[in-house]
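The block underneath contains the structure these notes are about, expressed in structure tokens.
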Amino acid sequence: MTMTAAQSALTILAVVAATMLTRFLPFLIFPEGRTPPAVVTYLGKVLPCAVIGLLVIYCLKDAVFAGWHGLPEGIAILFIAALHRWKKNTLLSIAGGTVLYMFLVQAVFV
């Protein structure tokens, strides 16, 4: 089904409005100088770790840990943990782990 130009424009406007709302709403609700509620502060502390844990489990859900299968994933996870502990740079850890994993699955564990 194709959309008309007006429908496309309205769809784009709706997406832009929703995106802007999600970006600006926290600053409107919690302006500078006003302390957020304790539950928001608590969620800000625990959700990053929970999301990372969820992503690790999701990424490993299809890995088969038999024989050599699962070994590239395990090596990459250990490398990411060690690199992050050493450099404390999330972007470097993610990029380094991705590069190592891709090298392992394309060159070593073919």
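- Grouping the Ile, Leu, Val, Met, Phe, Trp and Tyr side chains by contacts below 4.5 angstrom, directly or via other members, places Met20 apart from Phe27.
- Residues Ile29 and Leu47 share a hydrophobic cluster, clusters being chains of Ile/Leu/Val/Met/Phe/Trp/Tyr side chains in contact below 4.5 Å.
- By the criterion of side-chain heavy atoms lying less than 4.5 angstrom apart, applied directly or through intervening Ile, Leu, Val, Met, Phe, Trp or Tyr residues, Leu21 is not grouped with Leu28; the two fall into different hydrophobic clusters.
- Counting all heavy atoms, side chain and backbone alike, Ala76 lies closest to Gly97 at CB-O, 4.1 Å.
- Lys87 places no side-chain N or O within donor-acceptor distance of the main-chain N or O of His84, the cut-off being under 3.5 Å.
- Expressed to the nearest 0.5 Å, how far CG of Leu54 lies from SG of Cys49 amounts to 12.5 Å.
- To the nearest 0.5 Å, the span separating OG1 on Thr98 from CZ on Phe103 amounts to 15.0 Å.
- The side-chain contact (heavy atoms from CB on, under 4.5 Å) test with Pro72 singles out one residue from Val108, Leu104, Ile77, Leu100, and that residue is Leu104.
- Closest approach of Pro26 to Thr22, counting heavy atoms only: CD-O, 3.5 Å.
- Rounding to the nearest 0.5 Å gives a distance of 12.0 Å between CD1 of Ile80 and CD1 of Ile75.
- Geometric assessment of Lys45 against the ring of Tyr42 yields a negative cation-pi assignment under the 6.0 Å and 45° thresholds.
- Leu91 and Val99 fall into different hydrophobic clusters, defined by Ile, Leu, Val, Met, Phe, Trp and Tyr side-chain heavy atoms under 4.5 Å apart, directly or through other members.
- A single hydrophobic cluster is seen to contain both Val40 and Val46, as judged by linkage of ILVMFWY side chains at heavy-atom distances under 4.5 Å, directly or through other members.
- When all heavy atoms of Pro48 and Leu43 are compared, the pair lying nearest together is CD-O, 4.1 Å.
- Here the shortest heavy-atom pairing between Gln7 and Thr2 reads OE1-O, 4.3 Å.
- With rounding to the nearest 0.5 angstrom, the CG atom of Leu55 is 10.5 Å from the CG atom of Leu60.
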